[in-house]
Each structure stands twice: as structure tokens, then as C-alpha cells.
Amino acid sequence: MYRDLELARLIHRWHADEDRTWRDIAALVISHLGLPHDAGQLAGRDLCLRAARLLGENPDAEPWA
């Protein structure tokens, strides 16, 4: 669970503070986790939705929207 929250906080920072796109976030998560493949915009969107929910935030409100 801690690792999930840690990753959710990173995703939040990348999206909210650094204004990264969903595609950027997918690439950053893949790189951070050392995964061997590429993912696109929809994967990044799903990662943002999951991160927002794990952090108890509304994925349809700022800074997620």
C-alpha cells in the first residue's frame, strides 16, 4: 500500500506541479518502475484517475481536470 501511495504522490506532482500530459505520466511511471514497454495517453489517464482516488481527491476537479 505504501508503494501505491508513493507512486500516487509522484503522479500528482508530475501532473499538478509540473503540468505533465497523460502520455508523459505514462512514460514516467514506466521508467520509474523499470517496465520494458511503452504506454500512451489512455494509460496515463488511467494512472491519474487511480492516483487521485488513492489520495482521496476528486479526479474530475482541479488539479486533475
Side-chain angles (χ1 to χ4, degrees):
M1 178 72 167
Y2 173 76
R3 185 172 172 97
D4 290 344
L5 284 174
E6 179 183 326
L7 185 56
R9 288 182 185 114
L10 276 174
I11 292 169
H12 184 277
R13 186 183 82 213
W14 293 329
H15 183 72
D17 298 340
E18 298 177 15
D19 200 31
R20 301 289 188 128
T21 66
W22 288 337
R23 188 179 310 275
D24 290 343
I25 289 168
L28 288 164
V29 169
I30 286 167
S31 176
H32 181 76
L33 297 177
L35 299 174
H37 60 79
D38 189 21
Q41 181 175 347
L42 293 178
R45 179 182 178 274
D46 290 342
L47 288 163
C48 285
L49 289 173
R50 179 168 166 75
R53 289 180 183 132
L54 277 171
L55 295 170
E57 298 176 358
N58 180 351
D60 297 320
E62 290 299 327
W64 300 101

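Values below: all heavy atoms of this structure, side chains included; hydrogens, waters and symmetry mates excluded.
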* Asked: Closest approach of L5 and L54, non-hydrogen atoms and distance?
  -> CD2-O, 3.6 Å
* Asked: With side chains defined as the heavy atoms from C-beta onward, is the minimum distance between L28 and H32 less than 4.5 Å?
  -> no
* **Heavy-atom pair with the smallest gap, counting every atom of E57 and P59** => O-CD, 3.3 Å
* Grab the two heavy atoms, one from N58 and one from W64, that are nearest each other, plus how far apart they are. => O-CD1, 3.6 Å
* Residue list, side chain to side chain donor-acceptor pair (under 3.5 Å) with D24, at least two apart or on another chain -> T21
* Measuring from L10:CG to E18:CD, what's the distance to the nearest 0.5 Å? -> 9.5 Å
* Over all heavy atoms of both residues, which pair between G40 and R23 is shortest? Give the atoms and the distance, please. => CA-NH1, 3.9 Å
Side-chain donor-acceptor pairs under 3.5 Å in residues 45-53, sequence neighbours left out?
none

* Validation row: L7, L33 side chains within 4.5 angstrom (heavy atoms) -> yes
* Would one find more than 12 heavy atoms of other residues, nucleotides or ligands at under 6.0 Å from atom CG of L42? -> no
* Separation of R13 CZ from I25 CD1 (nearest 0.5 Å) -> 11.0 Å
* Structure fact -> Minimal heavy-atom distance between R20 and H15, with the atoms involved, is O-ND1, 3.5 Å
